[in-house]
2 protein chains.
Amino acid sequence: MTYAIAEAAHRTGLSIDTLRYYERIELVDPPARDSGGRRAYSDEDLAWLGFLTRLRTTGMPIKLMREYARLRHQGIASAGQRKRILERHREDVRARIEELRSCLGALDYKIDNYERVIGSDHIQEASA
Amino acid sequence: MTYAIAEAAHRTGLSIDTLRYYERIELVDPPARDSGGRRAYSDEDLAWLGFLTRLRTTGMPIKLMREYARLRHQGIASAGQRKRILERHREDVRARIEELRSCLGALDYKIDNYERVIGSDHIQEASA
DNA sequence: GCTTGACCTGGAGTGCACTCCAGCTCCTAC
DNA sequence: GTAGGAGCTGGAGTGCACTCCAGGTCAAGC
């Protein structure tokens, strides 16, 4: 099964431009082409894009993702290095979650204060 | 108690340039000045900067922070609007935490796979 | 056979949040 | 009284991750 770029974009949640951009910067390998020279993404391509999307979502910079992609090409020999990248990133993500959680506390506190100040949710229509 | 810009930067964790930048874009009110025309940040200034930093940390765009700052100037009349901004943002933060958590699962899975593939942490020295 | 729509390329442009710079002033310490 | 360091201003530059564009190709349907 292969997918035209529009379909691939739809399935990955990335834009068509982003798919081409990722290819240009060598984050993904150039996908196969159909008889008319158009990109034909495979399920594997989409799986890799899906994984990349998770890395992006969690804030991994594209530079590091490129490094990871580069290592992937070297096959199993680079598995240790790749694992270390992911472990390192996992730590970053965990730290980020903790950071967000702590800010959430501050936000709760602030909102509680507003609650006390204004009583409740009345009167504040478009009082611009 | 007031603080020179370097001290304010140190205490807020922002850079001197960022402090001046925040002032330029009207995210913070211009602080008082000392006899020599230099900025003299008050404890209140720092508290506001601290709160802004939390909003930034949690990903609130500067545009929205400016809107919040603008509303603050209107005093209590805008409390409802400000509260709503924070509530909305709190939802965003919660969603973001969930998103990160879900990606964390995928990361764990991937790392486990590497563990299985390479046995354990030997041999992968600088095998560039 | 011609319009239409999806796709192609290389390159330029965008928005965000800073960050840096040149050239200046002002206080402090020697 | 002067050298040095902190701070000042307006404006330009940076890095990141896209996003958009002009001008072209290609296959399908009418």
Side-chain angles (χ1 to χ4, degrees), chain A residues 2-42 45-46 48-69 89 92 96 99 103, chain B residues 2-42 45-46 48-69 89 92 96 99 103:
Chain A
T2 67
Y3 312 91
I5 195 164
E7 180 65 15
H10 180 69
R11 287 184 185 239
T12 58
L14 298 166
S15 76
I16 289 177
D17 273 313
T18 299
L19 287 175
R20 288 198 279 243
Y21 165 67
Y22 279 4
E23 191 180 330
R24 254 196 272 196
I25 64 171
E26 297 181 286
L27 201 50
V28 302
D29 294 329
R33 297 287 177 133
D34 70 11
S35 60
R38 295 180 204 147
R39 290 174 182 78
Y41 290 88
S42 69
D45 291 336
L46 294 198
W48 172 235
L49 281 165
F51 181 60
L52 286 180
T53 299
R54 277 180 184 283
L55 294 182
R56 272 304 299 130
T57 297
T58 47
M60 182 182 283
I62 279 190
K63 244 190 175 182
L64 187 50
M65 293 179 14
R66 283 189 61 198
E67 167 74 0
Y68 186 88
H89 182 58
D92 290 348
R96 179 83 182 118
E99 189 177 49
C103 286
Chain B
T2 68
Y3 312 90
I5 195 165
E7 180 66 15
H10 180 70
R11 288 186 184 237
T12 57
L14 297 167
S15 76
I16 290 177
D17 273 313
T18 299
L19 287 176
R20 288 197 280 241
Y21 165 66
Y22 279 4
E23 190 180 330
R24 255 196 271 196
I25 63 172
E26 297 181 289
L27 200 50
V28 304
D29 294 329
R33 298 285 176 133
D34 68 12
S35 60
R38 295 181 204 145
R39 290 172 182 78
Y41 290 88
S42 69
D45 290 336
L46 295 199
W48 173 235
L49 281 164
F51 182 61
L52 286 179
T53 299
R54 277 179 184 285
L55 294 182
R56 273 304 298 128
T57 296
T58 47
M60 181 181 284
I62 280 190
K63 245 191 174 179
L64 187 50
M65 292 179 14
R66 282 189 62 199
E67 166 73 1
Y68 186 89
H89 182 59
D92 291 348
R96 179 82 182 118
E99 188 176 49
C103 287

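Atoms considered below: every heavy atom in the structure, side chains included; atoms not considered: hydrogens, waters and symmetry mates.
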With sequence neighbours left out, write down each residue that passes salt bridge (Lys or Arg N to Asp or Glu O under 4.0 Å) with B:Arg54, or none if nothing qualifies. none

Quick one: side chain to side chain contact (heavy atoms under 4.5 Å, CB included) partners of [X], sequence neighbours excluded?
X       : result
A:Arg33 : A:Glu23, A:Arg39
B:Thr2  : B:Ala40
B:Thr18 : B:Leu14, B:Ser15, B:Tyr22

Taking OP1 and OP2 of D:dG7, is either one under 4.0 Å from a side-chain nitrogen or oxygen of B:Arg39? no

Going 5' to 3' through nucleotides 16-30 of chain D and flagging B where a protein heavy-atom sits under 4.0 Å of the base, S where only the sugar-phosphate is that close, and - otherwise, we get -BBBB-----BS---

Provide, to the nearest angstrom, the distance between the [atom1] atom belonging to [X] and the [atom2] atom belonging to [N].
X       : N      : atom1 : atom2 : value
B:Ile25 : D:dG10 : CD1   : P     : 15 Å
B:His10 : D:dG7  : NE2   : P     : 13 Å
A:Ile16 : C:dA6  : CD1   : C1'   : 8 Å

Per the salt bridge (charged side-chain N to carboxylate O under 4.0 Å, His left out) rule, what does the pair list look like for residues 10-22 of chain A, sequence neighbours excluded? A:Glu7-A:Arg11

Heavy-atom pair of closest approach, residues B:Leu46 and B:Ala8: CD2-CB, 3.8 Å

